[in-house]
Amino acid sequence: MKIAITAHGEDFQATVDSRFGRADYFILYDQEENTWTALPNTQNLESAHGAGIQAGQTLAKTGAEVLITGHVGPKAFRVLQAEQIAMYSLGEMNGTVAEALAAFQSGKLTAIAVPNALDMKK
């Protein structure tokens, strides 16, 4: 299973990013291979609109089955749900990517069942 975690940096020691569409990076962890890669999200950092949709489409192309992030807006939520990517909330976590992964693996994160970020571009 591939797990994506939003992050401010390029490795497991980077702090988690609570934003989805405008996250600095997606850290992709392949559970079967026990490997990780960093995917920059630069195309969406300065995007005027559609960052969540584009980030969702980009993430779907990686084969990720799980997303760990803080907030997902309504449009991004629909894209991720359509791609069958399970979403989990970091809650108030401010730790590292490694800590977020450990929290997910031990069942401590809450599934995101509805969008939990405001859509400012309606």
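Only heavy atoms go into these numbers, but all of them, side chains included; no hydrogens, no water, no symmetry mates. Note that the structure is a prediction, hence the values are computed from the model and not measured. Residue numbers count from 1 along this sequence.
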K.L.:
Knowing that exactly one of V97, I112, V16, I3 qualifies, which makes a side chain to side chain contact (heavy atoms under 4.5 Å, CB included) with I68?
P.N.:
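Option passing the side chain to side chain contact (heavy atoms under 4.5 Å, CB included) with I68: I3.
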K.L.:
If I take atom CG from residue L28 and atom CH2 from residue W36, how far apart are they, to the nearest 0.5 angstrom?
P.N.:
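One finds 10.5 Å between CG of L28 and CH2 of W36.
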K.L.:
Under 3.5 Å, side chain of K2 to main-chain N/O of T62, donor-acceptor pair present?
P.N.:
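Flag set: sc K2 to bb T62 pair under 3.5 Å.
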K.L.:
Hey, mind stepping through Y29 and N34 against side chain to side chain contact (heavy atoms under 4.5 Å, CB included) and telling me if it holds?
P.N.:
CA-CA 7 Å; Y29 175 67; N34 194 29; 2.7 Å; yes
K.L.:
Do H8 and Y25 make a side-chain contact, defined as non-hydrogen atoms from C-beta onward lying under 4.5 Å apart?
P.N.:
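Of all side-chain heavy-atom pairs linking Y25 with H8, none is under 4.5 Å.
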K.L.:
Could you give the distance from CZ (F20) to CG (L67), rounded to the nearest 0.5 Å?
P.N.:
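Interatomic distance, F20 CZ to L67 CG, rounded to 0.5 Å: 5.5 Å.
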K.L.:
Which atoms form the tightest heavy-atom contact between P115 and G73, and what is the distance?
P.N.:
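Nearest pair, atom of P115 first, then G73: CB-C, 3.9 Å.
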K.L.:
Look at the rings of Y88 and F104 and say which category their plane angle falls in: under 30° parallel, 30 to 60° tilted, over 60° perpendicular.
P.N.:
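Because their plane-to-plane angle is over 60°, the rings of Y88 and F104 count as perpendicular.
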K.L.:
For a quick test of reading the model, state the closest non-hydrogen atom pair linking N41 to A55 and the distance between them.
P.N.:
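N41 and A55 have their closest heavy atoms at OD1-CB, 4.3 Å.
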K.L.:
What do the steps show when you test Q13 against E99 for side chain to side chain contact (heavy atoms under 4.5 Å, CB included), and what is the final call?
P.N.:
CA-CA 9 Å; Q13 295 309 311; E99 290 168 341; over 6 Å; no
K.L.:
Going through the checks in order, is the side chain to side chain contact (heavy atoms under 4.5 Å, CB included) test met by M1 and V66?
P.N.:
CA-CA 8 Å; M1 173 170 52; V66 171; 3.6 Å; yes
K.L.:
Spell out, as yes or no, whether a donor-acceptor pair under 3.5 Å connects the side chain of N116 to the backbone of G70.
P.N.:
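Present.
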K.L.:
Determine, step by step, whether F12 and T96 satisfy the side chain to side chain contact (heavy atoms under 4.5 Å, CB included) criterion, reporting the C-alpha distance in whole Å, the side-chain angles of both residues, the deciding distance to 0.1 Å, and the verdict.
P.N.:
CA-CA 7 Å; F12 262 53; T96 65; over 6 Å; no
K.L.:
Is any side-chain heavy atom of Q57 closer than 4.5 Å to one of E83?
P.N.:
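Heavy-atom side-chain distance check fails, nothing below 4.5 Å.
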K.L.:
Give me the atom names and distance for the closest heavy-atom approach of T69 to R19.
P.N.:
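For T69 and R19, the tightest heavy-atom pair comes out as OG1-O, 3.5 Å.
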K.L.:
Determine the minimum heavy-atom distance between I5 and A100, stating which atoms define it.
P.N.:
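Looking at all heavy atoms of both residues, the shortest contact is CG2-CB, 4.3 Å.
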K.L.:
Please report the interatomic distance CZ(R22) to OG1(T6), rounded to the nearest 0.5 Å.
P.N.:
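The OG1 atom of T6 is 14.0 Å from CZ of R22, to the nearest 0.5 Å.
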K.L.:
In Å, rounded to the nearest 0.5 Å, how long is the span from CG of L39 to OG1 of T58?
P.N.:
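The distance works out to 7.0 Å.
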K.L.:
Output the distance between atom CD1 (I27) and atom OG1 (T37), rounded to the nearest 0.5 Å.
P.N.:
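The OG1 atom of T37 is 7.5 Å from CD1 of I27, to the nearest 0.5 Å.
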K.L.:
Between the main-chain N or O of D24 and the side-chain N or O of D17, is there a donor-acceptor pair closer than 3.5 Å?
P.N.:
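Checked: pair present.
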K.L.:
Working to the nearest 0.5 Å, report the span between NZ of K61 and CG of L59.
P.N.:
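Those atoms lie 11.5 Å apart.
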K.L.:
Would one find more than 12 heavy atoms of other residues, nucleotides or ligands at under 6.0 Å from atom CG of D11?
P.N.:
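Result for CG/D11: enclosed.
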